[in-house]
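First comes the structure, then the notes that go with it.
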Amino acid sequence: MNDFQSQLMELEQPIRLGFFFGVFTIMALAELVRPRRKLTISKGLRWFSNLGIVVFNTVLARAILPMAPVAFAALMADRGWGIFNVIDISPTLAFVATVVLMDFAIWLQHVMVHAVPVLWRLHRLHHADLDYDVTTGARFHPIEILLSLGIKFAVIALLGAPAAAVLVFEVILNAMAMFNHANFKLPLGLDAVLRTLLVTPDMHRVHHSVIPFETNSNFGFNLSIWDRLFGTYIAQPEGGHEGMTIGIDLFRTAHDERLDQMLIQPFRGNVGDYTINRRDWGQKAGKFSPEDKDGNGP
Ligand SMILES: [Zn+2]
Ligand SMILES: [Zn+2]
């Protein structure tokens, strides 16, 4: 391990914490000054629960994992494992490719947790928030956090991702998650320009709509290109940003927003109607039925 890598590992926690508190404060203030929607339930209850789960997840990840992603990337470089540690590639290209490809991996993982019923049970906690603000961006079930870290480690090992690129990606992902969940109104012109490349709060809010078709859209956290490329992009919610209902059809009471209820939520109730095997596929609309052999509809 070289000096630069050991310095990075030492600085990882202060850098990540610094960006977390900095961006969080800016977004929380922006929400007060220029809110996009009225909150529907007690902010105190939601913030206690959503931030409580962040603390829980941070302590759990540190206790369980032997190392952080940046240290893991440095270890892979030491061993000479992973594509970028084997092929002859310029450091700049490896850096940019890592940030972009890790974003694609996170997008793909997000689609997967919406498609597979047992994984949706974990991920739906993120969607069961009845309001949408900066704290929603950090509200994930601890088991989903561990699953994401496992996938992230696999991607780092496969790519041979440079440690500095992993740190930059982690900081960007964290900052963007707080930015695009924030309940503040960007000027519409700025939103339109930004979302040609990046995910904006208005774009990701569609993903938190209670309507399954909208929930299963706009999976990106950083780059907006993946949803456009793979046909999962929806520009605006049907009900408008102020009129739309946030959340999922299960878990709609203040009781469900208590921290203890959030932790056991994956094991409560039915899986619901949001996953790939529960989609309507148009049958109910009479567009196709198994008897309809030619597929042209009735
Ligand atoms: Zn989601
Ligand atoms: Zn979200």
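In listed order, ligands and their atoms are each counted from 1. Keep in mind that what you see is a predicted model, and the values were worked out from it rather than measured.
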>> Within rounding of 10°, what is the angle whose vertex is the Zn ion (ligand 2) and whose arms end at NE2 of H204 and NE2 of H181?
In response: 90°

> N/O/S of H126 less than 2.8 Å from the Zn ion (ligand 1)?
Replying inline: no

>> When you compare the side chain of D191 with that of M203, does any pair of heavy atoms fall below 4.5 Å?
In response: no

> V86, L101: one ILVMFWY side-chain cluster at the under-4.5 Å cut-off?
Replying inline: no

>> Could you check whether D131 pairs with R37 (Lys NZ or Arg NE/NH1/NH2 to Asp/Glu carboxylate O, under 4.0 Å)?
In response: no

> Does NZ or CZ of R228 fall inside the cone over Y233's six-membered ring, less than 6.0 Å from its centre and within 45° of the axis?
Replying inline: yes

> So, for H110 and H126, is the gap between ring centers shorter than 6.0 Å?
Replying inline: no

> Taking the N/O/S atoms of H207 one by one, which is nearest to the Zn ion (ligand 1)?
Replying inline: NE2

>> Test of geometry: compute the angle NE2(H123)-the Zn ion (ligand 1)-NE2(H110) and round it to 10°.
In response: 90°

>> Let me check your reading of the structure: within less than 2.8 Å of the Zn ion (ligand 1), is there an N/O/S atom from H208?
In response: no

